[in-house]
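Take a look at the structure below.
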Amino acid sequence: MKFSVLLAPTLKESPSEAEVVSHKLLMRAGMIRKVAAGIYTFLPLGYNVIKKIERIVREEMGRAGAQEILMPVLQPADLWRITGRWDQFGPEMMRMADRNGREFALGPTAEEMITDLVKNEVKSYRQLPLTLYQIQVKFRDEIRPRFGLMRGREFIMKDAYSFNRTVEEMQQSYSDMYDAYSRIFSRCGLDYRAVDAATGLIGGKVSQEFMVLAESGESTILYCESCNYAASDEVATAPLAEPSTEAIKQSELVGTPGQKSVEQVATFLNIPEDKIVKTLIYKYGASELAGILVRGDRDVNDEKLSVALGTADFHLLAGAEWQEYPELIRGFVGPVGINSVRLIADKEISVMQNFVVGANRPDAHLINVNVGEDFQVEEWADIKTIKAGDKCPACGGALLSAKGIEVGQIFQLGTKYSAAMEAMYIDEDGALKPYIMGTYGIGISRTAAAAIEQNHDENGIIWPISIAPYEVSVVVLNYDKNEQKEIADRIYDGLSKKEVEVILDDRIESAGKKFADSDLIGFPVQVVIGNRTVKSGNVEVKIRATAERIEYRVDDAVDRISELVVKMRSMLQPGGPDAENAG
RNA sequence: CGGGAUGUAGCGCAGUUUGGCAGCGCGCCACGUUCGGGACGUGGAGGCCGGAGGUUCAAAUCCUCUCAUCCCGACCA
């Protein structure tokens, strides 16, 4: 490709609406342009990156035995009604009707469609296991699209689905996908971590997310410094402390005028925050109230709470709503003697003694309160957000926390969809049985953004070579000078013949502009040809990632550069530089 | 949906307070000079000032409504 004919409108300044690095650099490097909020066009360089990621995904899906199909973006509502998700998905699903009034949605995922397909086409256990996947545009009408490709409304996703006979066989498919995902993200040059995850609207019990570690990530993960435990904060747990041997005391009412927050009460009573139990009032479902008990220094985790409540439709009781419940004294609510709300306590409360709670009357708290003595708990649940410093549930070591970008998630689904849709096969014993399913997603476009978040500097993007829009840029400083043009053309043609993806910057631009663009777009290898190199009989090669510069004789430059590229590629093979020849 | 902000040339912004010729930088076009880290000079093109309505002799500027975009919270690949 010649740069002079490429549509790559680079910008010196980033558009003001871009907040995160990946969004800014994708815009500045001329890779994407916005069409509407959360909806982007990929320009040639950006689309090259997408295609490179897709190629890796296809290779690894194929290696894992999955077969590629392509399903429609538009999905009929009737399918979604069978599983109830037409109602569950809410406004996030983009809905529309055709000219005859038949309802459709832009697919946010495709469990129903694929289950319907397999139900109709796969009848016998002899045809299982079966794993199908597609790479297709998905649409989710996000409440708040942001961060460019990191949270778009329209995005490119690889979604795979396994159909199995038994739980064990499904776990094997899941494990195969886990391995494939690990290879995919390794090959993309990403520093990632697989963590235990919540299953949310998709369903199932076991799930893991693949997180690219980056400060700008929207997810929080906890991992152990001494073993390999790692989990999303939505499901992370910590072992309970040993119950203290403290003798149980008689509870007592104390005046705490105006002391509403945990911090205020702790200071006022001169006690640590973890000797307080706070009672948070949530409204959920059809206007029901829940009192959630957590230790004073803890935060409630909304994902865990939705599991405990059995619904994702809840919110903290808000300002004006308090007036509807005069028995609830804001700032002084407690579990003792309260009966108008459903009490759910975090398990951690069970090992606490002689703690402080609101007294359900203005300006007062109860001290030396104990479960069993002063109030009963019917429902125990894991509700708190685990944070760095908590103990690892696997080995007891200290947990650390980090931010991550979720680029993939895998689920052991079970029969949620096959049972609801009566998708059955005839087993060896002649009985009809629902498929045991798994579902597996990768955000392709988000992966591109995540790669930038993790690989950039003040000059621009530093693409891992496996997903770079071109592997080598040949920067000719004066393409209108014959000596330079001749050398440049020779290297460009030579590299092309050796299957190196190369772009020739033949534009009539200043040297500075060409260097700056090459760094900004992030080609892994830059070959510089100018007056200086013509005189020396060399070409200069710059490695984008390290800024290392190497000189090669013009005569063997093509061989040396292609060797360099091959070596750089092999570094991103799972298992190290030599793994390429192993498989 | 709640809270906050912004819409002026392709991009970044000034002008709005106090109504009076629509500007600056980058980019773009032409010519010349430059030619190894976002060159310089001269000349040029480019605007429904987000949209609608109103106030006024006069509106980018004041008022009302509306749309869009971004940021902070609840969703997710």
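Note that the structure is a prediction, hence the values are computed from the model and not measured. Chain A is the first sequence line, chain B the second, and so forth, proteins listed ahead of strands; every chain is numbered from 1.
- Between the side chain of A/Asp116 and the backbone N or O of A/Glu112 there is no donor-acceptor pair closer than 3.5 Å.
- A/Arg146 has its CZ atom 11 Å from the C1' atom of B/rC70, to the nearest Å.
- Stacking is not found between A/Phe515 and the pyrimidine-like six-membered ring of the B/rG38 base under the 5.5 Å centre-distance and 30° plane-angle cut-offs.
- In this structure, of B/rA77, B/rC70, B/rG27, it is B/rC70 that holds the atom nearest to the side chain of A/Lys34.
- Rounding to whole angstrom units, CG of residue A/Asp517 and C1' of B/rG36 are separated by 15 Å.
- Of the candidates B/rC76, B/rG25, B/rG36, the closest approach to any side-chain atom of A/Glu13 belongs to B/rG25.
- Here the closest non-hydrogen pair linking A/Arg507 and A/Lys514 is O-NZ, 2.6 Å.
- As rounded to the nearest Å, B/rU8 and B/rA14 have C1' atoms that lie 10 Å from one another.
- Taking the six-membered ring where the residue is Trp, A/Tyr40 and A/His23 present perpendicular rings, their angle passing 60° and hence far from 30°.
- Here the P atom of nucleotide B/rC72 and the CD atom of A/Glu17 are 14 Å apart, to the nearest Å.
- Side-chain contact check for A/Glu111 versus A/Asp159: every heavy-atom pair is 4.5 Å or farther apart.
- Within the nucleic acid shown, A/Lys138 has no heavy atom closer than 4.0 Å to any nucleic acid atom.
- When every heavy atom of A/Ser445 is checked against every heavy atom of A/Ile156, the shortest pair comes out as OG-N, 3.0 Å.
- For A/Asn478 against B/rG36, no side-chain N or O and base N or O form a donor-acceptor pair under 3.5 Å.
- Comparing B/rA77, B/rG36, B/rG38 by their closest approach to the side chain of A/Thr10 singles out B/rG38.
- A sub-4.0 Å separation between OP1 or OP2 of B/rC13 and a side-chain N or O of A/Ser16 is present.
- Picking from B/rG37, B/rU69, B/rG38 the nucleotide with the shortest atom distance to the side chain of A/Ser510 gives B/rG38.
- The distance between the ring centers of A/Phe523 and A/Trp463 does not fall below 6.0 angstrom.
- Contact check of residues 42-55 of chain A against RNA chain B (heavy atom, cut-off under 4.0 Å) returns no residues at all.
- In the set B/rC76, B/rG36, B/rG37, the nucleotide with an atom closest to the side chain of A/Asn531 is B/rG36.
- Put simply, NZ on A/Lys485 is 18 Å from C1' on B/rC35, counting in whole angstrom units.
- Between A/Glu234 and A/Lys304, none of the side-chain N atoms (NZ, or NE/NH1/NH2) sits under 4.0 Å from a carboxylate O, so this pair counts as no salt bridge.
- Contact check of residues 177-187 of chain A against RNA chain B (heavy atom, cut-off under 4.0 Å) returns no residues at all.
- Residue A/Lys513 places no side-chain N or O under 4.0 Å from the OP1 or OP2 atom of B/rC35.
- Between A/Phe210 and A/Tyr181, the ring-plane angle classifies as tilted under the 30° and 60° cut-offs.
- Evaluation of atom-type donor-acceptor distances gives no pair under 3.5 Å for the side chain of A/Glu509 against the base of B/rG38.
- Listed pair A/Arg144 / B/rC72 meets the phosphate criterion, a side-chain N or O lying under 4.0 Å from OP1 or OP2.
- Taking 4.5 Å as the limit, every side-chain heavy atom of A/Asn531 sits out of range of all side-chain heavy atoms of A/Leu477.
- Between A/Glu19 atom CD and B/rG12 atom P the separation is 14 Å, expressed in whole Å.
- Between B/rG38, B/rU69, B/rC76, one nucleotide has an atom nearer to the side chain of A/Ala36 than all others, and that is B/rU69.
- Judged by distance alone with a 3.5 Å cut-off, no donor-acceptor contact links the side chain of A/Arg28 to the base of B/rG27.
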